[in-house]
Trainee: 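What follows is a structure written as structure tokens; I'll ask about it next.
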Amino acid sequence: MPLDQEIEFTLNGGPRRVAVNPEMSALTMLRETLGLTGTKYGCGEGECGACTVLLDGRPVNACLLFAVDCDGRELVTIEGLASDPVAGRVQQAFVEYGAVQCGFCTPGFVMQAKTLVERHLGADRNAIARGIEGNLCRCTGYRKIIDAIASVASAK
Amino acid sequence: MGKAETESLIGKRIPKMDAPDKASGKTRYIDDVNVPGQLIGRILRSSRVHARIKSIDTAAARALPGVHAVLTAADVPDQRAIGVSKDNLPFKGDVVRSLRDEIAAVAAETEEVAAAALKLIRVEYEDLPLLTDPLEALKPGATLIHPEREPVALKHPEALRPWYDPDNCQTGNIAMSFDYTQGDVARGEAESDAVVEDSFRLHYVTHCCMGVSGVIADFQSNGNLLLYSNTQVPFLHRREFAEVLGIDPGRIRIIQPPIGGGFGSKLDIYPFEPIAVFLARAARRPVKLIFTREEEFIASPTRQPVLIRLRSGVKKDGTLTFRSVTTLHDNGAYTSWGATTPFVMMQTFSSLYRVPHCDYHTVAVYTNNPYAGSFRGYGNLQATFAVEQHMDRLAEAIGMAPLALRLANAQNPGEVTPQGMHFKTCGLKECLSTVAERSGFEAKFRANRDNQRMPGTLKRGIGMASMLHVGGGAKIYPSDGCGTILKLDDFAHVTLITGASEIGQGSETVLSQLVCEELGLPMSSITVVNNDTDITPWDVGVHASRTTFIAGNSAIGAAKKAREKIFAAAAKKFDLPAEAFALRGGLLVRADTGETLIDLAKFLRSMHFSEKAELVMTSFYYEPPSHHQDKEFKGDVSAAYAWATQACEIELDTTSGMVKLLKVTGAHDVGRVLNRLGIEGQIEGGIVMGQGYALTEDLMVKDGRIRNPGFRDYKLVTAPEIPEMDISFIETMDGEGPQGAKGVGEAPAICMAAAVANAIANATGVRITELPFTPENVYRALAAARAQAGQRAA
Amino acid sequence: MPQSKAGRVAFEPLLLGLRRIPELHGVARDGDSLRIGALVTMTELMESALVRAHCPILVEAADQFASDQVRNVATIGGNVCNASPAGDTLVPLLALDAEVELVAKPNGLLTGRRVPIGEFFKGPGKTLRARHEIVAALRVPIGVPGRFMRFFKLGSRPALDISAISIGVCARRDAGVLSEVRVAFGAVAPVPLRGRATEAALEGRQLTEAVIETAAAAARDEVHPIDDFRASAWYRREMVHNMLKKVLADAT
């Protein structure tokens, strides 16, 4: 498949030009073209949330997003959160509250959790649980993930 | 010099050491690993469920630019069968027996080219009769799925009566058979005041590890094979690979990148793994082969589906008299670990409660269905589902409370069961009473029962179940060993090189904790090296809830050796007996007064520079000697046993059949809590996995085809559905366990379905013996019960 | 995208990005109806003050639509064009008497037409939309204020679930009497279905227990679901009956 579409977008705060093919998902572009492997392939159909990224500030599944549709937009991946203060607190809480086991789903949860915290949900556990209903985890049983997010959300 | 920190690490909430990298996306799972020059491998799977392969035409695929290898069975004449019964050739050349069957594979420059090449391969089939019901597979004249195999000889065909009529059945499709007897069931039945009998049907579910399966095969210039693999059993796997490939195991190195979930799914070798190696060999390039999620659903193992017929008896005073069990396992097309789950199931039948007379007969029957592997709990979810529903049924039959009947028959510490299992520690009674008290079980149970016939469409129910599982390793192999290498640097930093595999369960952290506890060091002063067979000492893998117990004892052994060495050197330097010292807070201190003698880092430096101290310790832990199981399955299978009780509270909507899990109250005999954060994580995760098994997950197999190979219709529990959880730990301090701990990894998933079943019966008066309890299944059962009651009334 | 991944929709060489067409975005009042741009996402529906005020039933449906990540990209136009019998927004749109606004530019000239949503769906994945047309907007008449509206989706999860059945009800409610009743059902026929017999059983009536039972029975009789692996036809009929009773009980 020829890489015949040039797109330009902001990736993790910096401008980026990439040649992609029209069928390519943003997930494939991130992982294979750009080598950003923190965004995970879990299902490829928007059911698991392991590939959650921020598109113009909103969390979306990168597997359901055409790479070409990133043109002119702003994309943030887990790698782009290294110096984000809210994400830093979320990551620290995930570690301290035991919200990480195999960790495969964790980057997606962190992306989603960061936006939940920024939406000022407070420590309402039901609202947090609804907020992460699109992220599957097979290891933890979710309770510690909700604990971690609630701790950051209520500390705000 | 600061004051010595004396606080113990045991029982604390210690964050996982690998969590920061995982939370920041830095951890590289197998799909994130790329080897220079690698090709992408893909497998062509059968589009038929049972068929003869007439021809395979790969010419067009081979001609596609970017394709480096196309293989079929004909191209790999040296391939050998894999699996528990060696009945599974990686490439199927003559007959396909299930939809997942591997027919061809390609290695190509890119994913797109590999996918395009697969589409160019033409396979001609000639359909064979479908066998998707194990009962049909036992009938005379049924097609043989593996005509090449010797039929299994049945020792007690009469005992299989409910499914197998010895005069009118054939054994040609029987894959495996187990028989177990203790005492005299007929005598037990004669002594019974009440006898109940039910059939239970358990469905297909699958592991759904969030990271899909994958492997990278990379031959080195010297011909050695480097495998990046998700296996849970690297050392056993290496041997298997050597056998399959016909090469010296010493020439195979397995590196396990961090694994995106195991749960037992990676205990066996599956065809994609040798196929990737064959592709790499043919293409002379490294080959990376990663499943799609759909492929993961179709071509990875399942939990063992099973039919259970259970007959149990009790005396009026609540004494259990006998238990007679037959199970029928749908083996699927090939034999993986699922076929051997009776080995674990029989422990629950014979020994969860005191039962004087018990027999158990079972067969696994080949069909054209998917095949089952090992899966957290290993048959015990199924066995417990039946046994614990019968405890409620028996209690009802003699008018006794379910809790009282369980307490009356619960095992005690020190007992040796008729099967020969020796319970050196046993907290079952504490588990039962703790759960009963904390959940308010008895009052709720009575109130719910009284409410069954009251108006209202929302019904509450509470049900309990207990479980017994191995907690001190499992004597599956002739040895249950694990090795440790511990090195101490001159600045008091420790490197723990362990045979154990981290698969997310937190073994790195708990092993580090045990070592640091012995050496009086903080967690920050240890690094763990694991997951590379060229570096780490031998181990039989991560399974059977064994790692904390076995690898933990092994790590403690090495740490103790280090301590002895340090104390011997200290004895010389300070002119005191070796017993006079202790290690605390990074310091060498006097054990009696706590007086600081020297900074440990400084002392180790002096040992390195002037004592020729050889500060590398090795140790191995093998399971303690015990009465090993004999051919009749009598004997001990583990150095320690884990116990648990869980009560589930539900709300059931009779207008939809929807069951909402409100609360789980659990008590677990874990020996001792080592890492509170880690053990809570294991238990909470296990509870929710058990919830999925009971309520939402259903791998729908029809005519050999999986109808819901994706997360849209295979419903894992999501965050809003989880119950409130109240978990208590019963610390029985096992004498053999590391710091008194027992294994706990599998336990929390085991009771859930049984407890939910009992809760549904408590809420509605209707007992459902088939899983899963999806809204439609529950609604249907309630409607059938209403219809039956109507008939009786009329 | 999921459809193309599953191989159900073959890719054509041309992929057209509609994102930059402003007329496809936004919710606006246009006379006595709301014009909801085809590219309005589920999240935008939930956040729109106009939608919340005039068609809260769409907000209910959007809230139960897949997950937050999907709601941020899934559009109402996409949901309508996908024409799944279980599509979450289709049932409320039917109950709201919505119209589909289609546009085309066959010879450089922009042409448009409006189709009542009840006529738009022709079968699973099939609609009246011609190859050269795009759905530009959904138009929802603004009815009298204070109508009863309810969307009910039967699934085992709060969202992230394909419904076994869904029900949408819109009606005026004056002194306990229902009028201008619209009832729609999802996942009970090849297309989302208006429940005419059910509506007739309710129109102009006080919601007594007997009336509710009659309507629920009519609903059970007029749906024609199939057996599939998500639910049996029998269960779907039962649920249409039982859940409609639940919804109507809320209207009393």
Side-chain angles (χ1 to χ4, degrees), chain B residues 47 111-112 115 118-119 203-204 292-295 297 457-458 652-661 691-692 694-703 705-722 772-784 786-787, chain C residues 1-8 10-11 63-70 74 82 84 86 88 152-167 187 209 212-213 216 220 225 227-250:
Chain B
S47 63
E111 182 81 46
E112 289 75 23
L118 286 190
K119 286 191 183 139
H203 64 313
Y204 282 103
T292 62
R293 176 57 65 185
E294 186 180 19
E295 202 172 14
F297 271 104
T457 57
L458 287 179
L652 189 154
D653 183 342
T654 56
T655 65
S656 65
M658 196 91 74
V659 176
K660 196 169 161 192
L661 183 61
Q691 176 186 5
L695 293 172
T696 66
E697 295 177 39
D698 186 7
L699 191 72
M700 298 179 226
V701 181
K702 195 179 181 205
D703 300 330
R705 290 171 192 268
I706 292 168
R707 305 176 81 190
N708 55 338
F711 288 135
R712 187 172 311 159
D713 288 302
Y714 185 93
K715 291 178 183 168
L716 292 184
V717 173
T718 61
E721 299 164 80
I722 65 166
F773 301 132
T774 51
E776 178 164 353
N777 289 350
V778 171
Y779 187 80
R780 196 177 285 280
L782 297 181
R786 268 196 307 271
Chain C
M1 187 114 185
Q3 299 280 357
S4 78
K5 284 231 162 160
R8 285 186 288 270
F11 257 99
D63 184 47
Q64 294 176 56
F65 194 104
S67 63
D68 188 45
Q69 289 95 321
V70 173
N82 196 42
S84 159
D88 283 330
F152 183 91
K153 172 175 170 178
L154 185 73
S156 51
R157 300 167 172 173
L160 201 76
D161 208 347
I162 309 270
S163 52
I165 61 130
S166 60
I167 300 174
E209 231 172 88
I212 290 177
E213 179 55 47
R220 175 163 49 194
D227 281 323
D228 71 12
F229 63 90
R230 290 185 184 127
S232 70
W234 170 79
Y235 182 68
R236 286 187 160 117
R237 278 184 200 279
E238 289 285 300
M239 289 308 105
V240 163
H241 174 267
N242 295 355
M243 299 304 117
L244 183 64
K245 280 174 74 170
K246 209 167 257 192
V247 169
L248 293 175
D250 286 348

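These figures come from a predicted structure and were not determined experimentally.
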Trainee: Closest heavy-atom contact between Glu776(B) and Ser232(C)?
Mentor: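 Minimum heavy-atom separation between Glu776(B) and Ser232(C): OE2-OG, 2.5 Å.
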
Trainee: Mind ranking His241(C), Met239(C), Met243(C) by heavy-atom pairs under 4.5 Å with chain B and telling me who comes out on top?
Mentor: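 Among His241(C), Met239(C), Met243(C), the one with the most close pairs to chain B is Met239(C).
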
Trainee: Can you tell me how far CG of Asp713(B) sits from CZ of Phe229(C), rounded to the nearest 0.5 angstrom?
Mentor: 4.0 Å

Trainee: Roughly how far, to the nearest 0.5 Å, is the OG1 atom of Thr655(B) from the CD atom of Glu238(C)?
Mentor: 10.5 Å

Trainee: From Arg230(C) CZ over to Lys715(B) NZ, what is the distance, rounded to the nearest 0.5 angstrom?
Mentor: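 Rounded to the nearest 0.5 Å, the CZ-NZ separation comes out at 8.0 Å.
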
Trainee: For Asp653(B), is it the side chain, the backbone, both or neither that has a heavy atom under 4.5 Å from a heavy atom of chain C?
Mentor: side chain

Trainee: Can you tell me how the ring of Trp234(C) sits relative to the ring of Tyr779(B), calling it parallel under 30°, perpendicular over 60° and tilted otherwise?
Mentor: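 Trp234(C) and Tyr779(B): tilted rings.
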
Trainee: Considering non-hydrogen atoms only, spot the tightest contact between Glu721(B) and Arg157(C) and give its length.
Mentor: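 The answer is OE2-CG, 3.3 Å.
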
Trainee: Considering only heavy atoms from C-beta outward, does the side chain of Leu154(C) approach that of Met658(B) to under 4.5 Å?
Mentor: yes

Trainee: Identify which of Gly710(B), Pro775(B), Ser656(B) forms the greatest number of heavy-atom pairs closer than 4.5 Å to chain C.
Mentor: Ser656(B)

Trainee: Checking heavy atoms, do the side chain of Lys245(C), its backbone, both or neither come under 4.5 Å from chain B?
Mentor: neither

